[in-house]
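Throughout, protein chains are lettered first and strands after them, A, B, ... in sequence-line order, and every chain is numbered starting at 1.
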Number of protein chains: 2
Amino acid sequence: MPKETLETELLYLDQQLCFRLYTASRLIIRAYQPLLKELDITYPQYLVLMLMWEWKDKDQESSTVGQLGQRLQLDSGTLTPLLKRMESKGLLERFRGLEDERERHIRLTDQAIAIREKALAWMQLAREGERTKGLDLEALSGNLDALIDSFS
Amino acid sequence: MPKETLETELLYLDQQLCFRLYTASRLIIRAYQPLLKELDITYPQYLVLMLMWEWKDKDQESSTVGQLGQRLQLDSGTLTPLLKRMESKGLLERFRGLEDERERHIRLTDQAIAIREKALAWMQLAREGERTKGLDLEALSGNLDALIDSFS
DNA sequence: AGTTATTATATTGTGCGCAATATAGTTGTT
DNA sequence: AACAACTATATTGCGCACAATATAATAACT
C-alpha cells in the first residue's frame, strides 16, 4: 500500500478530467454511428462537411487544408488522406490555389451539399429523443470552451 | 443560402457538444505528452497503468482484459494489441486464467509499479501550474459523468 | 538575380478505436 | 457423453491522430 493515500489518489481515474473527456467524446461519437452509417462517412469526415456547409452559408465556397486544420485542430497528416478519401467518394474536389500553388483548396460537390438535408433531419429527430435532459448543456459547453481555449 | 437559417444552425460546429468534447479531449491528451514521453508510453497505455495502480491499492494484483475493457470502455480489438505492446516493453505480464482458460490475465511488473512515482510527481507539478483556474471543475466533472452515464 | 528563410502541404511510420468475424474454452441440455 | 449455446479473447481491416520528415512554392534579403 502507498504511504500517502491522499496523494496517490491524484492518479485515480475518477480524479482525471482527461479520462472523462476521452470517454464522453468516444461515447457520443458512437451515438452518431446510425447517421454516419447512413451517410457512409466517418465522424471526422462529418466535421469537414459541417464546417464547409456552414462556410457556404457565409458565401465561402472553398477552403484550404490550413483553414480546415485550424478550425478542427487537425494537421495535414490527418487531413490530407481524409480529404483524399472524401474526394474518391465524390464528396469534394481538391485543387491548387491559383495565386499560391502551395495551397490545396477544397470545394464540396453537389452530392455533399445534398446530404446536408439528411443530416439536418436526423439531428432534429435526435433532439427529440434527447438523452441529455437532466444536465445544463449551456454550462457544460461554456466550461468546455474555456478549457479548449486555455489548452489551445 | 438555406431556407430556414435557424434549423441549419443545428449543424454548426459551435452548436455541437460532441465537437467540443472531441477537441477538448485531444487538446488535454496533448498536454500530457511531456509526461508520456518521459515514461515512453501512450495515453491509453497510461490509462491501463493508472487503473492497475489503483486496483493494486485495493489489493487486486491482476486483472482480465474484460475488466480493463469495461472500466475503460475499450474492446479487445483495442486492448489486445495494446497490452501486447506493453508486455514487450516489460510493463506487464499476460497469462491465462487458471480456472477459466479463456480469460487473459494481466499483472504489472515491478518496472511498471516503479514509474508510478514519476507520474505522481509530474501530476503534482502540473497541478501547480494549473491551466484550469477560471472554471468550475466540480460542475464540469459532474456534468460529464451524467453525460457518460446516459450514453453508456 | 541568386541565395536563404519561410510557408503550405504531403509523406511515412506507429498506435489506437472499432466493426466484423474467428477461435477456443465453458456451460447447459438431453 | 454428445452437442448446442454462450462467453472471453483474438484477429483482420480500415480510418483516424500525430510526430517527424520531406518537398515544393513563395517571400525576404543582399
Side-chain angles (χ1 to χ4, degrees), chain A residues 18-19 21-34 36-48 62-70 72-89 91 94-106, chain B residues 18-19 21-34 36-48 62-70 72-89 91 94-106:
Chain A
C18 189
F19 176 60
L21 290 167
Y22 166 80
T23 304
S25 171
R26 287 186 301 113
L27 286 177
I28 299 193
I29 289 174
R30 275 183 216 168
Y32 276 91
Q33 286 313 308
L36 298 175
K37 196 162 186 175
E38 188 185 328
L39 301 185
D40 189 30
I41 55 177
T42 65
Y43 185 71
Q45 292 173 15
Y46 181 53
L47 290 178
V48 170
S62 76
S63 166
T64 65
V65 172
Q67 285 174 322
L68 291 172
Q70 190 160 21
L72 302 177
Q73 298 262 22
L74 292 169
D75 71 7
S76 67
T78 300
L79 286 174
T80 296
L82 183 154
L83 294 169
K84 284 183 178 173
R85 282 187 290 270
M86 291 182 79
E87 181 183 40
S88 77
K89 282 198 280 196
L91 292 172
R94 299 163 69 246
F95 55 99
R96 291 285 174 193
L98 298 180
E99 40 176 83
D100 187 341
E101 292 205 341
R102 291 170 305 179
E103 292 179 343
R104 177 70 79 171
H105 289 247
I106 304 302
Chain B
C18 188
F19 176 60
L21 290 168
Y22 166 78
T23 304
S25 171
R26 287 187 301 115
L27 286 177
I28 298 192
I29 288 174
R30 274 183 217 168
Y32 276 90
Q33 286 313 307
L36 298 174
K37 196 161 186 176
E38 188 185 328
L39 301 185
D40 189 30
I41 55 177
T42 65
Y43 185 71
Q45 292 173 13
Y46 181 53
L47 290 178
V48 170
S62 76
S63 166
T64 66
V65 172
Q67 286 174 322
L68 291 172
Q70 190 160 22
L72 301 178
Q73 298 262 20
L74 292 169
D75 71 6
S76 67
T78 300
L79 285 175
T80 296
L82 182 154
L83 294 169
K84 282 183 179 174
R85 282 187 290 269
M86 291 181 78
E87 181 184 40
S88 77
K89 282 198 281 195
L91 292 172
R94 299 163 68 246
F95 56 99
R96 290 285 174 192
L98 298 180
E99 41 175 81
D100 187 341
E101 292 205 344
R102 291 171 306 179
E103 292 179 343
R104 176 70 78 170
H105 288 247
I106 304 303

How about B:Gln45 and B:Leu82: do any of their side-chain heavy atoms sit closer than 4.5 Å?
yes
Toward the 5' end of DNA chain C, which comes first, A:Arg96 or B:Tyr43, by nearest nucleotide?
A:Arg96
Reading 5' to 3' through nucleotides 17-27 of chain D, protein heavy-atom contacts under 4.0 Å coded B for base, S for sugar-phosphate only, - for none:
BBBS----BS-
Minimum side-chain heavy-atom gap A:Phe19-B:Tyr43 below 4.5 Å:
yes
Carefully, step by step, assess B:Val48 and B:Leu91 under the rule side chain to side chain contact (heavy atoms under 4.5 Å, CB included).
CA-CA 10 Å; B:Val48 170; B:Leu91 292 172; over 6 Å; no
Is there a side-chain contact between A:Lys84 and the phosphate of C:dT9, meaning an N or O under 4.0 Å from OP1 or OP2?
no
Between atom CE in A:Met86 and atom P in D:dG15, what is the gap in whole Å?
13 Å
Heavy atoms only: give me the nearest B:Leu72-A:Arg26 pair and the separation to one decimal.
O-NH2, 2.9 Å
Please tell me if A:Thr42 has a side-chain N or O lying less than 4.0 Å from either OP1 or OP2 of D:dC16.
yes
From CD of A:Gln70 over to P of C:dT7, roughly how many Å is that when rounded to an integer?
14 Å
Output the rounded distance in Å from CG (B:Leu68) to P (C:dG17).
14 Å
Rounding to a whole Å, what distance do you find between A:Phe19:CZ and C:dC16:P?
15 Å
N/O (side chain, A:Gln45) to phosphate O (OP1/OP2, D:dC16) under 4.0 Å
yes
Rounded distance (Å) that lies between atom P of C:dC18 and atom OH of A:Tyr32
16 Å
Send over the distance from A:Ile41 CD1 to C:dA19 P, rounded to a whole Å.
16 Å
Exceeds 12 heavy-atom contacts within 6.0 angstrom, atom CD of B:Gln70:
no
With a 4.5 Å limit on heavy-atom distance, are the side chains of B:Thr42 and B:Leu36 in contact?
no
Can you tell me which nucleotide in D:dA10, C:dC16, D:dC16 comes closest to the side chain of B:Arg94?
D:dA10
Would you mind reading off the distance between B:Leu91 atom CG and C:dG15 atom P, rounded to a whole angstrom?
13 Å
Which heavy atom of B:Ser25 sits nearest a heavy atom of A:Tyr22, and at what distance?
OG-CA, 3.3 Å
